[in-house]
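Lettering of chains follows the sequences in order, A, B, ..., and the numbering in each one begins at 1. FYI, side chains are in, hydrogens and waters are out, and symmetry mates aren't considered; it's all heavy atoms of this structure.
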Amino acid sequence: MNIPGRSKGCMGSIMVVDLSARTIEIQPVSAKVYRTFLSGMGLAAHVLYHRIPQDADPLGPDNMLGFVSGLLTGTGSLFTGRWMVTGKSPLTGGWGEANCGGHFSPAIKRCGVDGIFFTGTSPKPVYLYVDDNTAQLRDADSIWGMDTVETETLLTARHPGARVACIGPAGERLSLMAGVSTDKGRMAARSGLGAVMGAKCLKAVVLAGSKRIPVHNKEAMKHISRICNKWVQFQPPFLPGFLTAPVGALLRIMPWAFTQDGLLYKVLLRKWGTVSMNQISVEMGDAPVQNWKGSNSNWGFFKNLSANPDLFTRKEIRKYHCYSCPLGCGGICRTKGRHPRTHKPEYETVLSFGGFVLNRDLDTIFDINETLNRAGMDTISAGHAVAFALECFEKKIITLQDTAGMALEWGNPEAISWLVDQIIARQGIGHILADGVAKAAGRLGKGAQRFAFHAGGQELAMHDGRNDPGFALHYSVEPAPGRHTNGAWLYYEMYRLWKKVTDAPKIPLVYAKARKYETGPDKAAMGSANSRFLNVLNGSGVCLFGAFLGIDRIRIFDWLNAATGWHMTPEDYMAAGTRIQTLKQAFNLKHGIVPKDFALKGRPVGHPPLAHGANKGRSIDIDTLMADYWETFGWDRKTGRPTDPQIAEVTDIS
Amino acid sequence: MAFFITSDCTGCTACKSICPTSAISGEKKQQHAVSDAACIDCGACGRICPAGAVANPFGRIVSKIPKKNWVRPFFNLDLCMACNICVEACPANALDTALQKIRDLHPYPFLVRESQCMGCGFCAQACPVDAVTLEKSAG
């Protein structure tokens, strides 16, 4: 295997695997591409824009599936263990991306490449094995059909020390809610890319390389990491879990808002993980309830007490750290269900199978979490599918005849578990639901689309745009829509970008809460900065929870310069973020996406407004928010189309 | 840059056996060769070579060191942040994580497969907070 010369920080090449022709090739990437698009998601956008033909079927051989690592991964920086799966999404028909932690990101670079891209379709199940000397497609007949935990257990026994990313039965059955799993339950879940992997008959990617990752200035990297670590280790005692709900209620009641400091979130995440936000979010109106029609009024304190974060840590037998993470928000828990162990359910999972379906049974949530992880399915989308089915049953669109006599009632743990099993197995009503709510609504007809909430086909996450309109904007306006990691006003406050980036608007320490719901140039600038900075994070492999500490505490731009030897300013990096955003938008336009079609409709933007709860009476002017956002990039206000010179600037790089 | 093997090689295969990346090839009793592309400069081949036939990337012959004198990583758990960077940096897959502190559920690194450790020191080099030190094994 010939590996061309490396540059600093990155490995200088990608691996391209043609599953139809069974060829594996190492292809060099020019230094100019790295400087223009960084690595990670930016590199993937560059590769996929040029190599996926216009009319490619997302589940056909022409689609490409990329596994990419970040520019900062393995350089001695912290919070930089994220890896990303990319491709043309079968859910939206446009740009697809999913982001995951674990230990797979450094494994990609230690094989001597910054990304592994698959094209073609294998006629029979295979897995890719790469070590320092070989890269081979190996037969996967014997593991096809296994769940993600069984697959990873078997492959790591066969290849000691290797890191594995794989699909489960959901991906094999081409469920458009399928994701890619690593570390026996960490999921790159969104955009339906597990189905793309399944369609390619690619069961797993097994990486066992030991290459060293070149760094320009190791001592500078360590120095910056030590500064960052001091902030992470600052951990004063915090409230007991049951008092998180009153904190959320207080945030709801106050007529003014404080600029949120990510240091507080860090304290919560280190103590409990993402479940720390369960009750706070419900009480303050951040968590959607009952398929977007409920609120904290019908999922109040005594009901959401079942999501008390202390109940999760009581089941925790050890913490779980992703690669290069000093925080450790993950955990491994005991469960009472069908599986003895599970990764600690994340906030998104708990709310998807808690308040979103009015379920108060925590044991069911733990069991569903592990069941979906093993199936390799996105818990957010699956939660939406279940809530959609419950509402369709309530409205008599789905009847007892469709459910083999199972009454699909809100909050019935038995019905919810049964539905999840049906969806995974693609049996009966599960077959209708297994490709997401947009497709399910089309299959059911009878007006079911009124209860299917998505952005361009992608189910929305457990953060309510009626509480923070930044979520609604980023659900609607991003090339890969519907994802909570894209951005929000809250994220912008925590990034503290104005401390380093000159054109980032500063947020006052205290402001009237009503300002959050106004539109205007400052909101567009915040949204644009969120997207551009997120592209820098995804190009570098940085975890959002690290970025929440604030750019003055987690010095990503300094790390990037120290790792690469570049002398770029924060504005230069943000400009790279702009280029990546333009390229992803150009990808969507090339594939026939009309950006305006991703705009949220119905309940998630307050149409009609809620009559009760924290978000009572709120409607979001999503059209104005989107138009203002596009204008900050210099794109057309009405269509979201970049200008021809802007598209040429990002597509002519080679 | 990579280590290389001189004509003093006796073909004993000791280097080939210990190389964590299988970068060394050669038949028994014949001169071995190091693959530039696969070598990660861990130096294990030089430390184990009984014939003094391995040179570092700068051309200097690496002296043999008896295995009992090879350094091993020791972890200062007061400094360690359980970030796993050292575990992933180990080319020999000798490190793993486990619960080690009372009432602290974070998984800290330890030398789980001591016989596989080659004393390369990559773990110590990689640690951002200098929580890994290299010392001679007590044994």
Side-chain angles (χ1 to χ4, degrees), chain A residues 1-4 26 73-81 102-107 109-110 112 131-134 159-163 208-213 215 218 221-230 232-233 270 313 316-328 330-332, chain B residues 1-2 16 19-25 34-44 57 78-101 103-109 112-113 116 118 120-132:
Chain A
M1 203 164 70
N2 178 32
I3 296 179
I26 302 293
T73 298
T75 58
S77 49
L78 303 181
F79 291 107
T80 49
H103 296 79
F104 194 70
S105 189
K109 288 177 90 167
R110 283 158 65 79
D131 64 18
D132 292 309
N133 299 293
T134 58
H159 307 289
R163 296 294 181 183
S210 333
K211 296 272 186 291
R212 300 191 78 184
I213 298 161
V215 179
K218 285 182 187 169
M221 295 300 293
K222 286 191 178 188
H223 174 69
I224 303 165
S225 295
R226 284 186 201 118
I227 293 169
C228 172
N229 185 45
K230 279 183 186 166
V232 177
Q233 300 305 329
R270 189 164 170 88
T313 45
E316 198 170 47
I317 51 177
R318 72 176 175 87
K319 296 277 186 188
Y320 170 90
H321 290 242
C322 296
Y323 173 77
S324 80
C325 176
L327 183 62
I332 305 296
Chain B
M1 300 287 277
K16 188 176 168 181
C19 178
T21 63
S22 305
I24 299 176
S25 57
V34 182
S35 157
D36 276 9
C39 178
I40 54 170
D41 297 342
C42 67
D78 292 331
L79 292 176
C80 179
M81 25 178 208
C83 71
N84 289 313
I85 286 179
C86 55
V87 176
E88 294 299 316
C90 176
N93 192 26
L95 305 182
D96 209 334
T97 55
L99 303 180
Q100 292 182 41
K101 283 186 184 175
R103 300 178 66 182
D104 180 345
L105 294 180
H106 294 275
Y108 293 96
V112 63
R113 288 172 280 270
Q116 287 179 219
M118 312 169 303
C120 65
F122 285 7
C123 47
Q125 286 175 31
C127 179
V129 292
D130 293 336
V132 187

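Within the 4.5 angstrom heavy-atom criterion, no atom of B:Cys80 approaches chain A. Only the side chain of B:Asn93 comes within less than 4.5 Å of a heavy atom in chain A; its backbone stays farther off. With a 4.5 angstrom heavy-atom cutoff, B:Leu99 touches chain A only via side-chain atoms.
Considering only heavy-atom pairs separated by less than 4.5 Å from chain A, the leading option among B:Thr97, B:Asp130, B:Val87, B:Asp41 is B:Asp130. Between chain B and the residues A:Gly328, A:Ala208, A:Cys228, A:Cys325, the most heavy-atom pairs under 4.5 angstrom are made by A:Cys325. Per-residue heavy-atom pair counts under 4.5 Å with chain B were compared for A:Ser324, A:Pro326, A:Gly209, and the maximum is reached by A:Ser324. Interface summary for chain A: among B:Ala89, B:Cys86, B:Ala126, the most heavy-atom pairs under 4.5 angstrom belong to B:Ala89.
Taking all atoms of both residues into account, the shortest heavy-atom contact from B:Pro20 to A:Asp132 is O-OD2, 4.5 Å. Taking each heavy atom of A:Ser225 and B:Pro128 in turn, the nearest pair found is CB-CB, 3.8 Å.
Residues meeting the side-chain contact (heavy atoms from CB on, under 4.5 Å) test with A:Arg270, sequence neighbours left out: A:Val232, A:Gln233, A:Gln235, A:Lys266, A:Leu327, B:His106. Residues passing the side-chain contact (heavy atoms from CB on, under 4.5 Å) test with A:Val215, sequence neighbours excluded: A:Thr75, A:Lys218, A:Met221.
No donor-acceptor pair closer than 3.5 Å links the side chain of A:Asn133 to the backbone N or O of B:Ala23. Within the 3.5 Å criterion, the main-chain N or O of B:Ile40 finds no donor-acceptor partner in the side chain of A:Lys211. Side-chain N or O atoms of A:Arg212 include none that pairs as donor or acceptor with a backbone N or O of B:Phe122 at under 3.5 Å. Of the possible polar contacts, none joining the A:Lys319 side chain to the B:Asp104 backbone as a donor-acceptor pair under 3.5 Å is found.
Between the SG atom of B:Cys83 and the CG atom of A:Asn229 there is a distance of 8.5 Å, given to the nearest 0.5 Å. Here the straight-line distance linking atom CZ of A:Arg110 with atom CD of B:Glu88 works out to 6.5 Å at 0.5 Å rounding. The CD1 atom of A:Ile317 sits 9.0 Å away from the CG atom of B:Leu105 when rounded to the nearest 0.5 Å. Atom CZ of A:Arg226 is separated from atom CE of B:Met81 by 9.5 Å, given to the nearest 0.5 angstrom.
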